[in-house]
Amino acid sequence: MQVALVIGIQSSGISACALLQKKGYEVRRYDDNLDFEGNFKGREEEVFENLNLIIISPGIPNSHKIVVEAKKRGMPIISELELGARELTCPFVMITGTNGKTTTVDMVARGLRAMGKKVKAMGNIGYPVSQVILDGTELDIAVIEASSFQLEYTHSLKPKVSAFLNIAPDHIDRYDNYSQYILAKKRVFLNQTESDFAVLNYDSKIVAESAVRAKPLFVSTREKVGAFYMKDNYFYYQNEPLVSAKDFKLKGEHNKFNLLTALNIMAVFGAKREHCISLIREYKLLPHRIEYVSTISGKAFYNDSKGTNISACKQAIDTVKGKNVGLILGGSDKQEEFCEFFDEVSEYVKFIAVTGGNDEKIYASAMKVGFSNIKICKSLSDAVKLLHSMPEIETVLFSPASASFDRYSSYIERGNSFKELVYALEN
């Protein structure tokens, strides 16, 4: 019997264990943060006895002692994404990028379903690919969100359509340099051939110049490239207007880009004009992504808890287009540099409340470049109350530019907490 070790026993790790057992493996489990029967924590020497395979969960860094030792021994390491996707019997789409992955995956899945396809969104969006295999779900197309951590340990996957949305510094706490992060993302193209498709951001030099063997499909909101593009505030397909951009409910150029990406992917699978028009007119944004919460005392509150890096925060500021913005920053640090952010901060941002694990770092960066309209708050509740009390603030935007793990289990829990605090102001 072959022996496999799963490191990180959260949702993806649990599904990986179950799938490995179904495939006949003896499964060992290791987790630094959980206490459960059979955990190999503290038994590191035993872990490697007769071991054939290691499956690593996305939250496990390369610096982890088990990973370091495994690489010394030449042990094969794969991600849960690789484990599960190897078992898919249908074509699959794989989407990566720094920002917009989840939204684009959701758009593609909804669009393909409207075309009558049996589709499931999976991967980094929150539903492990291994669990889809265990469920025995019959699919025409799988739509996979892939993070850099998951892609880093993929080797054999060959998506029918890959998409690289954008790239900006992120997860610097996990990589030695920016180049490593970029290379991890580009693994989405690794095994594609001329019979496959690669959707590329034409407006990003790094992305547009990615070496791909697949047929490139370029996407831009600025230039007329590819079958889908924008002109005179209209969406076009094959040089014919589809609908006005006013019919699209989502704000922001980045969401128009995500939509154009989704339309290109749908077209690969046979989308007709009516399918494209339907997605443009009917799509609504997922929660925690520049989500309008409420207007209280004349102030509009927006929840962008999914804005976990500086690039996403800048997009959120541009998207709300509010004057006199009060911004809430801070959380679990990702080793990004905030000095440039404050040096170039939008003129509409009038005050910043900072709270969370990296509050002092962010505050010090602001002071260093002379941005003084900032205050450290002990809690998210204090930050919300502070900005609510300031007469000059018209829009309150919660876009932390940081991860959530200092105080919350996920960006979802953090976003829900923010919304509850806003609703409490109404009482």
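Keep in mind the model is a prediction, meaning the values are calculated, not measured.
- Put simply, the side chain of K256 reaches to within 4.5 Å of the side chain of M230, judged on heavy atoms.
- Using a 4.0 Å cut-off between charged side-chain N and carboxylate O, E26 and R28 make a salt bridge.
- Ionic pairing of K65 and E69 is not present here: no N-O contact between side-chain nitrogen and carboxylate oxygen is shorter than 4.0 angstrom.
- Residue T103 is tested with N258, L259, I290, I125 for a side-chain contact (heavy atoms from CB on, under 4.5 Å); the sole match is N258.
- There is no side-chain donor-acceptor pair under 3.5 Å between E240 and Y234.
- A cation-pi contact links R73 to F48, judged by a cut-off of 6.0 Å to the six-membered ring centre and 45° from its axis.
- Annotation: Y127, atom OH; neighbour count of heavy atoms from other residues, nucleotides and ligands within 6.0 Å is above 12.
- Using cut-offs of 30° and 60° for the angle between ring planes, the F248 and F235 rings count as perpendicular.
- A salt bridge between R281 and D247 is present, with a side-chain N of the basic residue lying under 4.0 Å from a carboxylate O of the acidic one.
- Counting heavy atoms from C-beta on, the side chains of I77 and I7 never come closer than 4.5 Å.
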For N358 and D406, run side chain to side chain contact (heavy atoms under 4.5 Å, CB included): C-alpha distance rounded to whole Å, both residues' side-chain angles, the deciding distance at 0.1 Å, then the answer.
-> CA-CA 9 Å; N358 59 356; D406 57 333; 5.8 Å; no
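- Under the ring-ring contact (aromatic ring centres under 6.0 Å, His included) test applied with F218, the options Y202, F164, Y229 reduce to a single match, Y202.
- For the pair R414 and Y411, the cation does not sit on the ring face, since its NZ or CZ is not both under 6.0 Å from the ring centre and inside 45° of the axis.
- Note on E194 versus K215: no salt bridge recorded, every NZ/NE/NH1/NH2 to OD/OE distance being 4.0 Å or above.
- Within a 6.0 Å sphere centred on CZ of R222, heavy atoms belonging to other residues, nucleotides or ligands number 12 at most.
- The side-chain heavy atoms of R174 and K334, taken from C-beta on, include no pair separated by under 4.5 Å.
- Taking the six-membered ring where tryptophan is involved, the planes of F341 and F338 are perpendicular, since the angle between them exceeds 60° and thus also 30°.
- Salt-bridge formation is not detected for the pair K306/E291: no Lys NZ or Arg NE/NH1/NH2 atom is positioned less than 4.0 Å from an Asp or Glu carboxylate oxygen.
- By the 6.0 Å contact criterion, CD on E44 is enclosed, its count of non-hydrogen atoms from other residues, nucleotides or ligands being greater than 12.
- A salt bridge links D333 with K361: the closest approach of a Lys/Arg side-chain nitrogen to an acidic carboxylate oxygen falls below 4.0 angstrom.
- Contact check for Y30 versus H64: side-chain heavy atoms found under the 4.5 Å cut-off.
- Counting heavy atoms from C-beta on, the side chains of L81 and L157 come closer than 4.5 Å.
- No more than 12 heavy atoms of other residues, nucleotides or ligands shown are found within 6.0 angstrom of CD on E45.
- There is no side-chain donor-acceptor pair under 3.5 Å between S57 and Q10.
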